Amino acid sequence: MQQATERGGSSAVTPARARPGRLITLPRPRPRPGDGRLVAARLPWPGLVGAVILGLAALSPSFIPRPWWVSAFTLGLGMTFGYALGSLLTALARAFARATGLMVQMRAGAARIVGRLLLVALGIGVIEGVRRGILLQDDIARRIGAEPFPVTDHLFGVVAGTVLFSVLILCFRALRGLWRLLGRLSRPFLPGLVSGAISLVIVVWLVVFVSNDVLFARFVESATRKAVQVNAETPPGRHPPKEATRSGGPGSPETWDSLGRQGQAVVADGPRRARIAQVTGRPAKDPIRVYAGMHSGRGLEQTADAVVAELYRTDAFDRSVLVVMMPAGEGWIPEWHPSSVEFLTGGDSAIASMQYTYLPSALAYITDKVTAERAATVLFEKVEAEVRRLPADRRPELYIGGESLGAYGGQAVFRDKADLLARVDGAMWTGTPRSSRMWEELTSHRRPGSPEVAPVVDDGRHIRFITERQNAVNDFYGRPLGPWRSPRIGFAQNPTDPIVWWSWDLMWREPDWLRERASPKVTSEMRWLPFVTFAQIASDMPRSVRVPGGEGHRYQEDLVPLWAGVLGQDPMADYTAIQKAIRADYRIF
């Protein structure tokens, strides 16, 4: 290999004989106080480039329009990951240089020119990326019928995200400094490699301990205390029911105060006989709603026993339809589920449910999904056992339903598809988290050619995945599915629902739903990037219930025809009167 000897040459690649193992990429003058380039000089160029590239990628659209704080969160994490990736590549390049003895040199003047050109290119890229990001955010707002956020909100999110990135970098550098300090302190007593490894283990343990056992544990403890306080409050506008057909009403051993905030909403809300008759034009019955709240000293078994006792007290087993409705966090049930059943059956129905956590759904999902599974299993099995004791000609049809964490817990009751079809007359689940074992099993065995957002299972004979009302009778591409045979199982999932489409493997694998690009509700500008897409979909979750109905994690009007299909009625009939009645009576607290 030829060695560079001419002074002033622009560049040369040579074996490093005089100073082996050194890689010089962009030599920079030593920063001086007051130098305007001080901050840039302290950030390695590859890390800075990586931060800009993945930061701009984080501003690309996902499902839900982002307020400034969500943009700041995704931008800060994206820039941090990009900086780490760029720094890692730099470290690998330097290791390669040391191993091969190569040295890349550049004249100081040329290095300054390249550095300035790179800085200009990054500046132009940032301006164009932010402008494009704002336009795409407005586009996804229009797609789902939401109001776009002001430009000032987006710009403030960019500034806040950059600040978050700076704070995270300072934290990482502080941890690196701690690691080096521990290494220096232990080096007199341990070999260098062992000293570095032990120091790294100590720093990682410290981060995990502080994050999990201190910060997160205290957050959960505080959230639990707050949730218990909220549970003791009566929701506005709710009063104890006057009907004996409801828990907390006359003759019920489950007192009004014992039901908890969400349980009170369940038994206080919903249509009565007169309202159902008025809307449907047919005679009706008073629907039965039984509910048991959490008590100190009362476990899941005893709470489920209380629900069964309420079913017997209200003669619920004499109704034609009995639905075990599993709530999400706090004991919450979206009113569209039970009201749809009650209008469609003329009130000849019973809804059975129980509370199993004080925590909001998202926090309960993170900290204790097992309790949701156990609660659903205990309650359903106890109700099922009572139904099976009845003569076959006197049994009510047994259904199960739920949304979000309630759907996750309800699906855990059953071992597999065959067990599900053997034990229920129907099910209606909305917004199932994709970590559900049942959901994963059915989706992975879908018919080839059917998209992940609306998989076809066994030609739709019993199980149908529904992104919009038409999927109750047709597949995603409009092809008829044929008669929906009993038992009928419905999975409603909006293409823009981050609760359904978020998963841990988004960090390293492009999902089928994004690669297939089947739904026009999801912008074609959405791209998968490692870690970035994971953070984007996660950041969509808090806003997923603050969008118009039928988008995100909101399942509303379409639940009436979907429950109609599950109950054996025509899902394509006109249910406008029922939908209007529920919408008028439905209240969100």
Side-chain angles (χ1 to χ4, degrees), residues 63-64 223 227 260-263 265-266 291 323-341 351 353-377 379-380 399-414 427-440 442-443 453 465-467 489-504 513 537-559 562-563 566 586 588-589:
F63 293 137
I64 309 295
R261 180 184 176 91
Q262 297 298 340
V266 170
Y291 191 99
V323 182
V324 175
M325 189 73 67
M326 288 311 301
E330 304 175 284
W332 175 75
I333 295 174
E335 185 56 40
W336 284 93
H337 269 282
S339 284
S340 295
V341 173
I351 305 294
S353 188
M354 63 181 254
Q355 184 182 26
Y356 55 85
T357 182
Y358 295 123
L359 295 176
S361 187
L363 190 55
Y365 181 78
I366 294 172
T367 59
D368 190 14
K369 292 184 293 186
V370 174
T371 298
E373 297 175 331
R374 289 182 53 236
T377 301
L379 179 58
F380 184 84
Y399 295 81
I400 188 170
E403 182 165 307
S404 195
L405 187 60
Y408 175 88
Q411 291 166 36
V413 173
F414 310 99
M428 186 68 246
W429 287 306
T430 54
T432 302
R434 70 178 296 128
S435 57
S436 162
R437 178 175 45 82
M438 177 71 70
W439 188 96
E440 287 279 7
L442 295 174
T443 303
V453 293
F465 286 81
I466 302 161
T467 62
I489 314 298
F491 289 80
Q493 49 191 36
N494 293 329
T496 55
D497 186 351
I499 307 298
V500 177
W501 307 116
W502 180 87
S503 59
W504 288 102
W513 59 263
I537 305 304
S539 68
D540 280 339
M541 292 183 186
R543 295 282 306 173
S544 62
V545 295
R546 299 183 178 276
V547 294
E551 302 291 346
H553 198 54
R554 294 191 67 185
Y555 299 85
Q556 298 193 357
E557 279 87 345
D558 278 351
L559 271 177
L562 298 187
W563 262 112
V566 168
Y586 185 38
I588 301 177
F589 294 91

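Predicted model only: the values in this text are computed from it and were never measured.
- Contact of the F465 side chain with the L442 side chain is registered, since non-hydrogen atoms from C-beta on lie closer than 4.5 Å.
- The CD atom of E335 sits 12.0 Å away from the CD atom of Q556 when rounded to the nearest 0.5 Å.
- Side-chain contact between W501 and V453 is present, with heavy atoms from C-beta onward closer than 4.5 Å.
- With hydrogens and angles ignored, the 3.5 Å screen pairs no side-chain donor or acceptor of E330 with any backbone N or O of A227.
- The shortest heavy-atom contact between W563 and I400 is CH2-O, 4.3 Å.
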Is there a side-chain contact (heavy atoms from CB on, under 4.5 Å) between W429 and W439? Walk through the geometry before answering.
CA-CA 10 Å; W429 287 306; W439 188 96; over 6 Å; no
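- The CG atom of L559 sits 9.5 Å away from atom CD of E557, with the distance rounded to the nearest 0.5 Å.
- Proximity of a side-chain donor or acceptor of R437 to a complementary backbone N or O of Q411 within less than 3.5 Å is not detected.
- In summary, of the residues considered (S404, P360, S435), a side-chain contact (heavy atoms from CB on, under 4.5 Å) with Y365 occurs for S435 alone.
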Under the side-chain contact (heavy atoms from CB on, under 4.5 Å) rule, what do F63 and E551 come out as? Steps first, then yes or no, please.
CA-CA 9 Å; F63 293 137; E551 302 291 346; over 6 Å; no
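- For the pair Y555 and N494, the minimum side-chain heavy-atom distance is below 4.5 Å.
- Here the CE atom belonging to M325 is positioned 10.0 Å from the CE atom belonging to M428, to the nearest 0.5 angstrom.
- E403 contributes atom CD, which lies 5.0 Å from atom NE2 of H337 (distance to the nearest 0.5 angstrom).
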Check against side-chain contact (heavy atoms from CB on, under 4.5 Å), M326 and Y408:
CA-CA 9 Å; M326 288 311 301; Y408 175 88; over 6 Å; no
Run the side-chain contact (heavy atoms from CB on, under 4.5 Å) test on D368 and T357 for me, step by step, so that the C-alpha distance in whole Å, both residues' side-chain angles and the decisive distance to 0.1 Å come before the verdict.
CA-CA 9 Å; D368 190 14; T357 182; over 6 Å; no
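- For the atom pair CZ (F414) and OG1 (T377), the distance works out to 8.5 Å, reported to the nearest 0.5 Å.
- The shortest side-chain heavy-atom distance between V266 and S353 does not fall under the 4.5 Å cut-off.
- Counting heavy-atom neighbours within 6.0 Å of R543 CZ, excluding the residue itself, gives a total above 12.
- In this structure, the separation between OG1 on T432 and CG on D497 is 9.0 Å, given to the nearest 0.5 Å.
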